[in-house]
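Data block below; observations after.
In each ligand, atom 1 is the first atom listed, and ligand 1 is the first ligand listed.
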Amino acid sequence: MSDISNEYKGKATMEKITSLAKRRGFVFQSSEIYGGQRGAWDYGPLGIELKNRIAGSWWKEMTQLNDDIVGLDASILMHPRTWEASGHVENFTDPLVDCKKCKSRFRDDMIPEENLKAKKCPDCGGELTDPRNFNLMFKTHIGPAEDTASVVYLRPETAQGIYVNYKNIIQSNRMKIPFGIAQIGKAFRNEIVTKNFIFRTCEFEQMEMQYFVKPGEDETWFDKWRERRWAYYEKLGVKMDHLRWHQHPIDKRAHYAKDAYDIEYLFPMGWSELEGVHNRSDYDLGRHTEYSGKDMQYIDQEDNNARYIPYIIETSAGLTRNVLMILCDAYDEEQVTDKGSDGGGDDIRTVLRFHPTLAPITVAVLPLMKKDGLAELANDLRQELKEDFSTDYDQAGAIGRRYRRQDEAGTPFCVTVDYESKDDHSVTLRFRDSMEQVRVKRTDLAERLRKEIKEYKRVK
Ligand code: ATP
C-alpha cells in the first residue's frame, strides 16, 4: 500500500459503505451470529449479483473480446510440489512483529518506521519482538492422516493452476504463442492484518490472466497489457482521477517479477492496490520444468521449430477488491431540493451510480398504487421484462420512497405503472442519475432500455 498523496474527494467512507452493504444485502460479516470470522465475508443477494457482473464483465473483456485468450477453472487444491516450484513455500512470507505486552500482531511494513526502530508497539507502547517471517499459505491435510506426507495448501493465487495446465491447453486447443489463459477463482492468504472491510481478506477471489509470449517480446506485451487494463476501467465508467499507476521498485518486487506495476485506486483510506500487471519472465515455467521434470518448452513452428520457455505477462485483479472499488466509486450523496419532483421529498439522497451493466438490478417495476388493477399490470410488465433484464418489483410505500430505495441499491431504471398506463399502454421511465422521468410506450420499453444501457455515460 502506498502513501496517501491525494486527498479523497468522494462521499464514501468505509463506515458508510460497510453499513450500506449490510443494510441492503451486498455483504455480511461471515458467521456473524457467532461474533464473526476475521477475514471472511458473505455476499448477499445484491452482492452476489454485483460480484457476478464484475466477474462477467472481466471474463467478456478477456475471453470473448480476445480470440487468443481462453478460459480455465483449475482446482484450489494442487500438488504441494507446485508451491515449492512457485517459490511460495520459501518466499511467500510477511515479516511479522508481536507486541509482548498487548499481544497485537503487525506486518512490519505496516507500522510506522519510528515504532519499528524503537521496537515500540503503536497500540500500547509495549515492547515489540524482532521481525520473523510468517508464511501466508493456509496449510491443511488431505486424507485421514495428519502427517507431512498429507500436507496440501489452499492456493494463495490462481496463477499456478494456469501454469501447470499450459501444455494441456496448447495441445487441446491448438493455441499458438502469443496467447493467454484467463481464470477467476478463490484464493486464500493467512493475512495478519485484515481491515478495511473486504479490501484485504483471508478468503478472496482473483481474476487472473496469464499471457504467454516469446522471450524478447515480453516488454512490448507488458506495455500493451498495461494499456488494455487501464482502458478496461475507463470502459466500466470508473472515476479515472481515482486511478493511478505505481511501479514496484526493484528491491520491493516479488521473487518472480522482471517488472511490476500496480493499478491503484483512491479508496476512502487512501491509494491502494487494485490490480497488478507483472512481467513474470520465464520464472514460473522454468521452475515447473525443474520441479516436475516435464519439458515446459514451447515449440515455435513459426520460427523454425525454435524451442523456448515462454515469458509470462500477468494481469492479476482482485474480484472482491473490485467489488469494494465499484461500491466506493459508485457511492454518492446529494441534497435533493426540488421537492415533489419524483415524490422523494427534500432530503439527502444516497445513490449508487453503478454502470447499468454492473448494477445488481437493472430495472425496477413499481405500480403507483396497489389497487385498481395497477399491481397486476405492473406484475405483468415485470414478467415480460424478466427474460432480458434483471428486475425487481416493489409496491410497498410511497412512490418517492421506493425510488430512493432503488437509488440506494444502484438500480439505474425504474418503471412506474399508473392510471394512464391502463388507457394508453405507456409507462413512466425514471432515470436514477438525473431523476428525470419520461413517458414511454410499453411496446418500446425493452428497446429503449437496451439503448440506454448501451449508450450510458456517467455524468457524476
Ligand atoms: P498486497 O501487497 O496488498 O498484499 P499483493 O501485491 O500480494 O497484495 P498480488 O499477489 O499481486 O497482491 O495479488 C493480485 C491481486 O489480488 C491484488 O491486486 C488484489 O486485488 C488481490 N488480493 C491480493 N491479496 C488479497 C487479499 N488478501 N484480499 C483481497 N484481495 C487480495
Set of residues satisfying side chain to side chain contact (heavy atoms under 4.5 Å, CB included) with respect to E157, sequence neighbours excluded: W83, H88, A159, Q160, R189, Q206, E208, R280
Partners passing ring pair (Phe, Tyr, Trp, His ring centres under 6.0 Å) against F138 (at least two apart in sequence or in another chain): none
Nearest neighbour of atom 13 (O) of ligand 1 from the list E157, Q206, E205, E314, on a heavy-atom basis: Q206
Parallel, tilted or perpendicular: rings of H242 and Y8 (30°, 60°): perpendicular
Y163 and F212 aromatic ring geometry - parallel, tilted or perpendicular at 30°/60° bounds: perpendicular
Residue portion contacting ligand 1 (non-hydrogen atoms closer than 4.0 Å) for T194: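 Neither part.
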Geometry only, no angles: is [X] polar-contacting ligand 1 at N/O separations under 3.5 Å?
X	answer
A317	no
E191	yes
G318	yes
H248	no
E273	yes

S316: numbered ligand 1 atoms lying under 4.0 Å from its heavy atoms: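 The atoms of ligand 1 under 4.0 Å from a heavy atom of S316 are 13 (O), 14 (C), 15 (C), 18 (O).
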Test item, H278 contacting ligand 1 (heavy atom, 4.0 angstrom): yes
Cationic N near anionic O, under 4.0 Å, R228 to E61: no
